[in-house]
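Here is the structure we will look at, set down as structure tokens.
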Amino acid sequence: MKTFYYLILFAFLILISGSCNEGNKKEDNSGSYLANAPVIAQKSIHKGEELVTADLSLLDKKDISNIPLSILLSSFDIIPLENSDEALTAPDGKIHVSENYMGIYSFRANAYKLYDKKGNYISTLSTPGQGPDEYYVGLVDGYIDEKQGLVYLLSFRASKLMIFDFEGKPQKHIPLAYLTHKARFIIDKEKETLLIMALPFADTPSVIWLQDFQGNVLQEIPAGQFTIIPSDYCNEVWESLNTDQTDFSIFYAVQKQDSLYHYDIKTNQLIPKFTIDFKNDFIEHFYIELPNHYLTWWYTQHSWGTVMPRFPKIIIEKESLKGLYVDFRFDMLGYIPGPNWISFSRGYFTAIMDPDDLKEQLEKALLKSDRLDPDVVKRMKDLNDNIGEDDNNIVFIGKLKTD
């Protein structure tokens with residue numbers, strides 16, 4: 001039986017890189033996984049800018065290809081978190097990554113905690129509450145600034161951007177120009193500007209705005225057509241920041257034609273770059289922009305439990321416009337499925353997993369170890385032997401390929 005709070009055991013770290021070449025079911029070679037896929041999108045010119053429109057009727061929803069996660073990554077690290085009481089978190093965590101640190105916010109653990117890249121606990125920065133340095137309901141975004149030694153956190157509903165040093169000591173807040181709901185942010189410390197992408201409720205005059213650190217608006221995009229009526233927290237703001245562009249989209253909980261946009265800060269414009277022609281077959285979804293692909297994530301069912309469903313995904317290569325329904329496999333660990341929820345944000349792949357679930361997947365894959373590369377088998381055995389069912393969670397981090 002899984003426990004939520006973990007016993008103090010011992011810390012273990014494994015850093016691995018590489019991939020394997022297991023060939024079962026529909027796993028494809030990493031260099032040609034889309035070679036035989038159909039072209040499912042076309043390019044057009046919209047107001048002088050290129051727009052990609054996908055037609056998913058060209059794909060069979062039941063035809064899902066298992067593809068290696070390593071095709072998107074230039075590195076892959078496995079980081080078991082420290083097992084001390086103060087370091088404990090939960091596998092529902094959202095992970096923010098810098099070169100040498102990671103911050104993990106967990107709704108179930110009721111805290112935002114900072115660790116180094118070896119999994120060592122550093123500090124707890126904030127917890128839920130009504131205090132000036134506590135967050136309302138939950139946290140929706142965060143950023144680790146190693147150069148300044150600061151962590152920026154944005155609450156579920158916020159009138160300020162909270163700031164902490166690495167020891168967890170609160171710093172002076174940055175006031176927000178407007179009350180924000182489930183917003184995302186980009187901070188420029190040198191220019192002292194803050195870009196906010198907000199869920200446009202009726203009381204939010206702008207969907208995007210650039211402000212200074214005193215809360216003065218420098219430029220903005222009025223909420224207009226993006227306004228969500230009635231105001232409903234089932235909707236979301238999505239941004240990936242995996243390229244040199246500021247991408248932006250809104251996850252709508254109702255049927256509505258939408259797009260992934262680039263925000264041009266110089267001209268203060270939202271430019272549509274990718275969309276899907278749903279025809280009469282709308283499915284809730286959100287968009288993720290990768291360096292060389294567009295990824296659409298279906299949201300086919302709502303879950304109020306502790307386990308997120310494993311939603312189907314569609315990947316489209318930007319250059320060829322070929323696409324497939326896909327499920328990613330951790331080929332560096334014997335093609336295990338990994339956790340149901342994974343993230344691609346600010347140039348990193350991240351995920352977090354309960355050690356009991358990870359051991360179960362590893363042990364199942366090791367039963368077919370004769371089909372795996374010997375080096376991969378060794379990594380799997382070493383990892384499986386050195387984590388316990390009641391250990392703290394395991395974090396996966398990888399840098400996204402940019403070429």
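Since we're looking at a predicted model, the values are computed, not measured.
Using a distance-only test at 3.5 Å, with no hydrogens or angles considered, a donor-acceptor pair links the side chain of Ser98 to the main chain of Tyr101. Not a single donor-acceptor pair under 3.5 Å links the side chain of Arg346 to the backbone N or O of Phe344. The backbone N or O of Ile228 sits nowhere less than 3.5 Å from a side-chain atom of Asn235 that would complete a donor-acceptor pair. Of the possible polar contacts, one joining the Asp331 side chain to the Ser70 backbone as a donor-acceptor pair under 3.5 Å is found. In this structure, the side chain of Glu317 does not engage the main chain of Leu34 through any donor-acceptor pair within 3.5 Å. Side chain of Asp92 to main chain of Phe107: a donor-acceptor pair is present (N/O by atom type, distance under 3.5 Å, no hydrogens or angles). A distance-only check finds a donor-acceptor pair linking the side chain of Gln211 to the backbone of Pro175 [under 3.5 Å]. In this structure a side-chain-to-backbone donor-acceptor pair under 3.5 Å is present from Asn392 to Glu82. In terms of modelled atom types and a separation under 3.5 Å, the side chain of Lys113 and the main chain of Glu86 share a donor-acceptor contact.
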Original post:
Could you go step by step and tell me if Ile78 and Phe396 meet the side chain to side chain contact (heavy atoms under 4.5 Å, CB included) rule?
Top reply: CA-CA 5 Å; Ile78 301 176; Phe396 303 99; 3.9 Å; yes
Original post:
Passes ring-ring contact (aromatic ring centres under 6.0 Å, His included), Phe311 versus Trp298? Steps please.
Top reply: CA-CA 6 Å; Phe311 298 119; Trp298 277 168; over 10 Å; no
**OP:** Verify side chain to side chain contact (heavy atoms under 4.5 Å, CB included) between Leu56 and Ile40, making sure each step is shown before the conclusion.
**Re:** CA-CA 7 Å; Leu56 301 187; Ile40 64 168; 4.2 Å; yes
Original post:
Given the rule in the side chain to side chain donor-acceptor pair (under 3.5 Å) test, do Tyr348 and Asn242 qualify, once you have shown the distances and angles that lead to the verdict?
Top reply: CA-CA 8 Å; Tyr348 286 94; Asn242 293 317; over 6 Å; no
Original post:
Stepwise, does the side chain to side chain contact (heavy atoms under 4.5 Å, CB included) test hold for Phe166 with Ile144?
Top reply: CA-CA 9 Å; Phe166 282 9; Ile144 301 172; 3.9 Å; yes
Original post:
Between Phe328 and Ile67, does a side chain to side chain contact (heavy atoms under 4.5 Å, CB included) hold up when you go through it step by step?
Top reply: CA-CA 5 Å; Phe328 294 110; Ile67 66 173; 3.6 Å; yes
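Here the side chains of Leu195 and Thr246 are in contact, with some heavy-atom distance below 4.5 Å. The side-chain heavy atoms of Ile250 and Val207, taken from C-beta on, include a pair separated by under 4.5 Å. Two residues are said to be in side-chain contact when any heavy atoms from C-beta on lie closer than 4.5 Å; Val326 and Tyr33 fail this criterion. Under the 4.5 Å side-chain criterion, counting only non-hydrogen atoms from C-beta, Asn292 is not in contact with Leu290. The shortest distance between side-chain heavy atoms of Lys94 and Ser343 does not fall below 4.5 Å. Side-chain atoms of Ile221 and Phe248, non-hydrogen and from C-beta on, never get closer than 4.5 Å to each other. At least one side-chain heavy atom of Asn393 sits under 4.5 Å from a side-chain heavy atom of Pro355. Using a 4.5 Å heavy-atom threshold, the side chains of Pro80 and Asn386 count as separate.
Donor-acceptor pairing under 3.5 Å is lacking for the side chains of Glu49 and His262. Using modelled atom types, one finds no donor on one side chain facing an acceptor on the other under 3.5 Å when comparing Asp277 with Thr53. No donor-acceptor contact under 3.5 angstrom links the side chains of Gln245 and Thr243, judged on distance only. There is a side-chain donor-acceptor pair under 3.5 Å between Tyr178 and Glu220. Judged purely by distance below 3.5 Å, without hydrogens or angles, the side chains of Lys359 and Asn384 pair a donor atom with an acceptor atom. Between Trp238 and Glu236, the side chains place no donor N or O within less than 3.5 Å of an acceptor N or O (distance only, hydrogens not considered).
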Which donor-acceptor pairs under 3.5 Å do the side chains of residues 131-141 make with protein atoms, sequence neighbours left out?
residue: Asp133; atom: OD1; partner: His173; partner atom: NE2; Å: 2.8
residue: Glu134; atom: OE1; partner: Gln130; partner atom: N; Å: 3.1
residue: Glu134; atom: OE1; partner: Gly131; partner atom: N; Å: 2.8
residue: Tyr135; atom: OH; partner: Ala111; partner atom: N; Å: 3.2
residue: Asp141; atom: OD2; partner: Phe185; partner atom: N; Å: 3.0

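With values rounded to the nearest 0.5 angstrom, Asp247 atom CG is found 7.0 Å from Glu239 atom CD. The CG atom of Asn83 lies 4.0 Å from the CG atom of Asp391; values are rounded to the nearest 0.5 Å. For the atom pair Ile196 CD1 and Ile187 CD1, the distance stands at 9.0 Å (nearest 0.5 Å). Separation of atoms OG1 (Thr204) and CG (Leu199) is listed at 7.5 Å; rounding is to 0.5 Å. Note: Ile352 CD1 to Ser106 OG = 7.5 Å, rounded to the nearest 0.5 Å.
Aromatic ring orientation, Tyr261 versus Phe226: perpendicular (interplanar angle above 60°, classes split at 30° and 60°). Between Tyr299 and Phe251, the angle of the ring planes goes over 60°, which puts this pair in the perpendicular group of the 30/60° scheme. Under the 30°/60° scheme for interplanar angles, the aromatic rings of Phe330 and Phe349 are found to stand perpendicular.
Considering only residues two or more places apart in sequence or on other chains, Lys401 meets the side-chain hydrogen bond (donor to acceptor under 3.5 Å, both in side chains) condition with none of them. Applying the salt bridge (Lys or Arg N to Asp or Glu O under 4.0 Å) rule to Asp116 yields no partners; only residues at least two apart in sequence or on another chain are considered. Scanning for ring pair (Phe, Tyr, Trp, His ring centres under 6.0 Å) contacts around Tyr233 gives Phe156, His181, Phe201, with sequence neighbours left out. The ring pair (Phe, Tyr, Trp, His ring centres under 6.0 Å) test applied to Phe274 returns Tyr287, Tyr294, not counting sequence neighbours.
Around atom CZ of Phe278, more than 12 heavy atoms belonging to other residues, nucleotides or ligands sit under 6.0 Å away. At most 12 non-hydrogen atoms from other residues, nucleotides or ligands lie less than 6.0 angstrom from NZ of Lys399. Atom CD of Gln42 has 12 or fewer heavy atoms from other residues, nucleotides or ligands within 6.0 Å.
The pair Asp327-Arg310 meets the salt-bridge criterion, since a charged nitrogen lies less than 4.0 angstrom from a carboxylate oxygen. A salt bridge between Lys318 and Glu289 is present, with a side-chain N of the basic residue lying under 4.0 Å from a carboxylate O of the acidic one. Of the charged side-chain nitrogens involved, none lies within less than 4.0 Å of a carboxylate oxygen, so that Asp375 and Arg379 do not count as a salt-bridged pair.
Listed by first then second residue, pairs satisfying salt bridge (Lys or Arg N to Asp or Glu O under 4.0 Å) with a partner in residues 189-206 read Lys147-Glu190, not counting sequence neighbours.
Contact detail for Cys234 and Ala253: the closest heavy-atom pair is CB-CB, 3.8 Å.
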